[in-house]
Protein chains: 2
Amino acid sequence: MTDATLRDVARASGCSVATVSRVLAGTRPVGAETAARVRAAAAQLGYRPNHAARALRSRATGTVGLVLPQITNPFYPTLVRALTHALHADGRAVLLADCDDDPEAEAEHIADLLARRVDALLVIPAHERRSREAVAAAAARVPLVLMDRGCGTGVADSVAVDNATGMALVLDHLAAVGRRRVCFIGAAGTASAAAERRLAYESGAAALDPGAPDRVLLGDFSAEWGRAAVDELWESGPRDGEPGPEGEPGRCAPSGGGLPDALVCANDLIAIGALQRLQQRGVDVPGQVAVTGFDDIPMATLSAPGITTVRQPVSELAAEAARLLRRPPQDGTRPHRTIRLAPDLVVRESSAARRQSGHSARNEQDMTAQQDVTAQQDMTAQQDLTAKVEEAQ
Amino acid sequence: MTDATLRDVARASGCSVATVSRVLAGTRPVGAETAARVRAAAAQLGYRPNHAARALRSRATGTVGLVLPQITNPFYPTLVRALTHALHADGRAVLLADCDDDPEAEAEHIADLLARRVDALLVIPAHERRSREAVAAAAARVPLVLMDRGCGTGVADSVAVDNATGMALVLDHLAAVGRRRVCFIGAAGTASAAAERRLAYESGAAALDPGAPDRVLLGDFSAEWGRAAVDELWESGPRDGEPGPEGEPGRCAPSGGGLPDALVCANDLIAIGALQRLQQRGVDVPGQVAVTGFDDIPMATLSAPGITTVRQPVSELAAEAARLLRRPPQDGTRPHRTIRLAPDLVVRESSAARRQSGHSARNEQDMTAQQDVTAQQDMTAQQDLTAKVEEAQ
DNA sequence: AGAGTTTCGGAAAACGTTATCAGCAGCCGC
DNA sequence: GCGGCTGCTGATAACGTTTTCCGAAACTCT
């Protein structure tokens, strides 16, 4: 009943364990006839190699660890799916660890995975600063690729979306549909996604409309904050220049008179919260205000109106990560590779042109997911689609 | 540089490998002083046991496989999170496999996990019928627990929500807020969730209002179907008794005159789609029609109005699954255990009382997630909360 | 005090692979 | 025809644990 081993196959095929191992693993050429006999015997016995023994002997488990802050973060399931598929295609299994946003739990999980002798690690760090130590220690022992978020600088290879390009796509699009008074609802802190999107917005907005005051509110990456930000804007907005009623994390309330006609949100959750509160306040979206998000989580399709957003190239990100892990084992202190992939803009109803011209009917009739249209934005962005910035660092 | 082994610790502490193994694994009592010496040496060398070797020798990897249809199904991330936490608490690691809803891929993944010598399997089957064979084969080799969905009958232990109780909670609640013309938007097919919720609705609705014709539309578990079902209802409804315009999977269009004042959806995705289409048609929710869902996926909180739904007891489900896996290895053909846990009702705005009386202000003001109220419904349901139906089968 | 019993520690045999080493054909080239 | 290849194969030693099996003390009990 207990499964067949190499010895059994060897006995059945009348040759030695060594030969059987060789033909099955294909490590060295072996006589055609013997090989056939061995293969037949193996098939007949239903032989399945014992990964534990193989791992012990060859010091490679064919397993990679995937460590992430919270699988319930709505952007991660799609990413996890893409990653597992990419890795399984390479014949590797995936050990999953969810850290509950706690850097200490993260460190423990990383240590446990190392003890389990994973061949490599894929980490979405829970904290920009506090994850650094554990990640660096792990990176010294196995190939390690950071995904989605950063973790200090020069720690390991990393793969992420090009936030700057994404934000530029959004701003170009808003300009194209005639929005002039744009406001950014972002996230505070030094986490890479927060900081990069914030910076990209600032430089992009300045470039588009050099005279305009920058309108930037900072909170966190939650729908709750999206709602709060809208409240802050709509309660302080009319009375020009007055600071928001609450001493919230916002850096500065919009000044320069009047309310914004577009809200650029740092991710989709914020956008959903903002959209919801706008509707509760009777503000027409996109009639009066356009709303955009970032990431293209599934919910972005499901809200009404659907949310215009930046779609992360998840499959490509996963493929790059898998590719990096295939590379030769960290030879000493080689400079780390940082790969940034350009995203797509997905235009939905939340940013339709203000004065509805010809095709406005779609708004009422058939706004299903199928009608999403991936923008063929300006050429530079399209060209960048497959470009990777590979900078030594 | 390569990590310390038992031999190293033995050498450093001046005793034999066997003793070191014993004190570290705690398999047999060992002299206090020696133990201390060993522990010191181990700590000093930073010894970490090699799981591969341990697995080889003791024929147990401390690893369980988690096989699911699609991690992107919005209900699964929370479940996966709970499962990984429960299993990690038991010191087990989790190998994740996503099948893309394909039973063949599922069979492959199961085979691969078995070859990797997982101690046990947690499977959410991709298909009620077509997953059966692979699951049964696997269950013969390792402890296996089915989750969320069924897979034929008598195949393995299983843990799932009590769909009947959940549906009853919904119907009681709707009756309590004065809804009379209830309609069910469900999913066709034999999958357990679809069938059980459908049946529970039918018996519950009949019990509540014996004279009423049953109003049941069947499609699949998608927002798209929720939208389509509303169209079907609102286009055929006014003209009484006429079958829906499309020969869709619906079993029967609502008859008996007039439109429903409550839509009971078989899951949250359907509810979200239905809600969205109702709003596009200018139907007031919950003013004219109440909408309810099932599962309590994150999106149910985020829509406006928030969707009243049945919250699956994910932590408890995960705990039960982990407990079942701890049990003695399948001793022969012991009857399988089927565990059903009763869910909670989460009342949100989508099912508020029709004539808004005193507390209707909440609808405009502050409908945040914090205001969700877990219904203290009728006593029977509450009592059932922790009850497990453990039926031999 | 001697026989039984417990307690602690070591030597060594697994576990199922892969990798190393060597043997044994046959073949080439001088 | 003989040293040196080349191609295939078999023994056998790892890999790092856990787990028997045993011996040597140290106690316990008549």
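All chains are named by letter (A, B, ...) in the order of the sequence lines, taking the proteins before the strands, and each is independently numbered beginning at 1.
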Near-strand residues of residues 38-64 of chain A, defined as heavy-atom separation under 4.0 angstrom from DNA chain D: A:Leu56, A:Arg57, A:Arg59

Phosphate OP1/OP2 of D:dT18: any B:Ser21 side-chain N/O under 4.0 Å: yes

salt_bridge(B:Asp112, A:Arg92) N-O dist < 4.0 Å: no

Taking every non-hydrogen atom, the tightest pair across B:Arg116 and A:Thr61: NH2-O, 3.6 Å

Phosphate contact (D:dT9 OP1 or OP2) by A:Thr34 side-chain N/O below 4.0 Å: yes

Position toward the 5' end of DNA chain C (nearest nucleotide), A:Arg22 or B:Val30: B:Val30

Nearest-angstrom distance from the residue atom CZ of B:Arg117 to P of C:dC15: 13 Å

Exercise: identify the closest heavy-atom pair between B:Leu6 and B:Ser21: CD1-CB, 3.9 Å

B:Arg28 (side chain) and C:dG9 (base): donor-acceptor pair under 3.5 Å: yes

Distance, rounded to the nearest Å, where B:Leu6 contributes CG and C:dA12 contributes P: 17 Å

Sequence-distant partners of B:Arg149, side chain to side chain contact (heavy atoms under 4.5 Å, CB included), two or more places apart: B:Pro69, B:Asn73, B:Tyr76, B:Ile124, B:Pro125, B:Ser192

A:Thr84 and B:Asp98 side chains, donor-acceptor separation under 3.5 Å: no

Summary of salt bridge (charged side-chain N to carboxylate O under 4.0 Å, His left out) pairs that have at least one residue in residues 19-33 of chain B, sequence neighbours excluded: B:Glu33-B:Arg37

Degree of bending in the helix from C:dA1-D:dT30 to C:dC30-D:dG1 once both end axes are built from five pairs, to 10°: 40°

Phosphate contact (C:dG10 OP1 or OP2) by B:Thr19 side-chain N/O below 4.0 Å: yes

side-chain N/O B:Ser16 vs C:dG10 OP1/OP2, d < 4.0 Å: yes

Pairs touching residues 40-68 of chain B that satisfy ring-ring contact (aromatic ring centres under 6.0 Å, His included), sequence neighbours left out: none

Write down the protein N/O and nucleotide N/O pairs, taken from nucleotides 4-6 of chain D, whose separation is under 3.5 Å; answer none if there are no such pairs.
none

Taking every non-hydrogen atom, the tightest pair across A:Arg132 and A:Cys151: CA-SG, 3.5 Å

Spacing between A:Arg37 atom CZ and D:dT9 atom C1', to the nearest angstrom: 11 Å

Pair B:Arg48 + B:Asp3: basic N to acidic O under 4.0 Å: no

Distance in Å, A:Leu68 CG paired with A:Glu106 CD, rounded so as to fall on 0.5 Å steps: 9.5 Å

Given C:dA19, D:dT9, C:dA11, the nucleotide with the shortest approach to the side chain of A:Ala18: C:dA19

Nearest-angstrom distance from the residue atom CZ of A:Arg7 to P of C:dT17: 11 Å

Main-chain N/O of A:Cys15 paired to A:Thr19 side chain as donor or acceptor, under 3.5 Å: no

